K.L.:
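What follows is a structure written as structure tokens; I'll ask about it next.
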Amino acid sequence: MAKYIFITGGVVSSLGKGVTAASIGRLLINRRLRIRMVKMDPYLNVDPGTMNPFQHGEVYVTDDGAETDLDLGHYERFTGQPTSKRSNYTSGRIYWDVLNKERRGDYLGGTIQMIPHITDEIKACIRAADDKDVDVVLVEIGGTVGDIEGLTFLEAIRQMGLEEGRDNVMYIHLTYVPFIRAAGEIKTKPSQQSVAKLREIGITPDVLICRSEVAISEDARRKLSLFCNVPVHAVIEERDVAHSIYEIPLVLFEQGLDELIMVHFRLARPPSRLADWRAMVDAVIHPKHKVRIGVVGKYSDLQDAYKSIYEALTHGGMAHQTGVEIIKIGAEAIESGEAAADLARVHGILVPGGFGSRGIEGKIQSVRYARENGVPFLGICLGLQCAVIEYARNVCGLAGANSTEIDKATPHPVVCLMSEQEKVIDLGGTMRLGAWACALKAGSLAAKLYGSTSISERHRHRYEVSNKHRPQLEAAGLSLSGTSPDGALVEMVELPGHPYFIATQAHPEFKSQPLAPHPLFAGLVGAALKRCTEKK
Ligand code: GLN
């Protein structure tokens, strides 16, 4: 039977609960424990697949095709463990399943209630993560303690403490300890109140992790311990890190959090100094080289819209001991000419995935700039589609070429709806999702980078390169270097003779990890580094 760690958040949102949970996961992996991570999101959407990045940031896709919360990206990057459909549930999903059971007659004669029906469903979803080879299940509860919509989740995890036995369940509460500049001191009251709220529900945290901008004094630590009913050694400081989120496992380790967990669960596992992780962090903090990569998207002002892309670029840098400065370039600023200087100062250009027409011409212009000026280029999903449109227009001479997503009446629909999508009406969970195999042409740049001609990557799209236009594109010199194994779908394109010009219909960023940088991103940074040194 697995042990359970529940991670809740208090005081404010955006504390980095996902990164903290993922960091705890990393500590346990280094203790040779087999873990699973689950995220519970209290909102009512069935999944985040239909939410826009302003609402939710990036939608993270798993191998089995679930559209999930971006915290699952942190889980995979920090722990190296794949997540799945069983790693993320929303209130919407839970209610949906309960209501479907009710309609089917599963509860015939009964009144369906929050307790026990919704809480039972939540507990069943959490326990579904306890496969036979799992030692610890870590469950992050989204939102902030005190939110109405989070109450059923807190009630469910309270019940689990009773049912599993208090020694088999650990509650970790992440809180915020603000520094009040005018008073010149940190304040513990918001944390006291957040923990009081939890205790009202019947949960007493075993560990308090305190996010803060400044050091937490011994005095403040004792105060937090007393008022929050947590032993002093279980009050852990998580101060803002100077360089990289990958420092956080080390910060928690230095304060003995993994040992605390071992003692609580009475687990005897060899200690680990996190040597592999430490070496990686050291390389991130002390890069030998620096490059600038421009990411041309329509959400360039949002932190979270391209989370996995930004992380994968950082990993790509690690492969070359290179620090990657990411220049966020607004696609619309390229259209208006305001971003010309930005394009000119980057050593590599990445066009990420996206939907809809806003900024599309700016993305296409930046592909053209990369192609004509020998600037290393990586296109991702919509980025591949932009590369194909640009090539069709400016090399094949197909004026007005476009994707039918953008222009239904285009004279040259070089990107069009996949046939399987034509009958699709519902928008939730209906794209071509999850891991799909791809066959790479022997001798191609892609095959060289991957070191293989048969690969698998995650997908999230409805449109594809039009098969009718393939001969024309190829005749003009664009290499269609990857296709689905049956040859029906173009998966990868590249431009022989260019220093680095490659685009994929997939989302390789989801599989990149700090201890295993993805070859396409490592390749981009490598080529950018070459350009940067040659230019000097
Ligand atoms: N909008 C495009 C499609 O649906 C690209 C999707 C994406 O970039 N994820 O095919």
Side-chain angles (χ1 to χ4, degrees), residues 47-54 56-63 65-68 70 73 295-300 302 304-310 312 331 349-364 366-367 377-390 392 401-408 410 413-436 438 457-467 469 480 482-484 488-493 502-512 520-521:
D47 63 39
T50 55
M51 281 192 240
N52 77 32
F54 286 114
H56 189 268
E58 148 189 297
V59 174
Y60 187 80
V61 180
T62 59
D63 272 332
E67 296 177 285
T68 71
L70 55 79
V295 176
V296 183
K298 65 177 177 181
Y299 298 107
S300 56
L302 292 185
D304 286 347
Y306 306 113
K307 191 109 213 156
S308 293
I309 299 260
Y310 296 156
I349 294 173
L350 187 147
V351 176
F355 297 83
S357 57
R358 182 164 74 82
I360 193 87
E361 290 302 325
K363 293 177 188 174
I364 295 170
S366 56
V367 179
F377 166 78
L378 175 59
I380 302 223
C381 204
L382 182 67
L384 172 140
Q385 298 172 359
C386 288
V388 167
I389 295 167
E390 192 279 319
N402 215 329
S403 161
T404 53
E405 179 183 3
I406 314 299
D407 176 8
K408 286 209 177 2
T410 169
V414 290
V415 175
C416 55
L417 200 62
M418 283 182 278
S419 52
E420 67 196 43
Q421 287 287 328
E422 274 156 18
K423 308 169 284 296
V424 170
I425 296 166
D426 287 352
L427 292 185
T430 54
M431 285 187 243
R432 179 171 179 253
L433 288 167
W436 290 92
C438 161
E457 290 287 4
R458 300 180 193 170
H459 291 70
R460 182 171 186 250
H461 66 125
R462 293 187 202 281
Y463 292 80
E464 61 169 331
V465 174
S466 135
N467 285 331
H469 293 86
L480 310 180
T483 61
S484 52
L489 285 177
V490 172
E491 287 279 7
M492 201 151 317
V493 308
I502 188 161
T504 166
Q505 188 58 75
H507 287 276
E509 71 273 23
F510 294 143
K511 293 218 302 197
S512 186
L520 290 180
F521 288 86

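From a predicted model like this one, the values you see are computed outputs, not experimental measurements. Atoms within each ligand, like the ligands themselves, are counted from 1 in listed order.
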K.L.:
Between Tyr299 and Arg358, do the side chains contain a donor N or O and an acceptor N or O under 3.5 Å apart?
P.N.:
no
K.L.:
Less than 3.5 Å apart, N/O on ligand 1 and N/O on the protein: could you list those pairs with the distances?
P.N.:
| residue | atom | partner | partner atom | Å |
| --- | --- | --- | --- | --- |
| ligand 1 | 1 (N) | Gly354 | O | 2.9 |
| ligand 1 | 1 (N) | Glu405 | OE1 | 2.7 |
| ligand 1 | 1 (N) | Glu405 | OE2 | 3.1 |
| ligand 1 | 4 (O) | Arg462 | N | 3.0 |
| ligand 1 | 8 (O) | Gly354 | N | 2.9 |
| ligand 1 | 8 (O) | Gly354 | O | 3.4 |
| ligand 1 | 8 (O) | Leu382 | N | 3.0 |
| ligand 1 | 9 (N) | Arg460 | O | 2.9 |
| ligand 1 | 9 (N) | His507 | NE2 | 3.1 |
| ligand 1 | 10 (O) | Gln385 | NE2 | 3.1 |
| ligand 1 | 10 (O) | Arg462 | N | 3.2 |
| ligand 1 | 10 (O) | Tyr463 | N | 2.8 |

K.L.:
Of all residues at least two apart in sequence or in a different chain, which pass the side chain to side chain donor-acceptor pair (under 3.5 Å) check with Glu420?
P.N.:
none
K.L.:
Listed by chain and number, what are the side chain to side chain donor-acceptor pair (under 3.5 Å) partners of Arg432, not counting sequence neighbours?
P.N.:
His461, Glu491
K.L.:
I'd like to check the side chain to side chain donor-acceptor pair (under 3.5 Å) partners of Lys307; sequence neighbours left out, ordered by chain and number.
P.N.:
Asp304
K.L.:
Evaluate the criterion side-chain hydrogen bond (donor to acceptor under 3.5 Å, both in side chains) for residue pair Glu58 and Ser308; output intermediate values, then yes/no.
P.N.:
CA-CA 8 Å; Glu58 148 189 297; Ser308 293; 2.6 Å; yes
K.L.:
What verdict does the side chain to side chain contact (heavy atoms under 4.5 Å, CB included) test give for Leu382 and Ile380, after you've listed the backbone C-alpha separation in whole Å, the side-chain angles of each residue and the deciding distance to 0.1 Å?
P.N.:
CA-CA 6 Å; Leu382 182 67; Ile380 302 223; over 6 Å; no
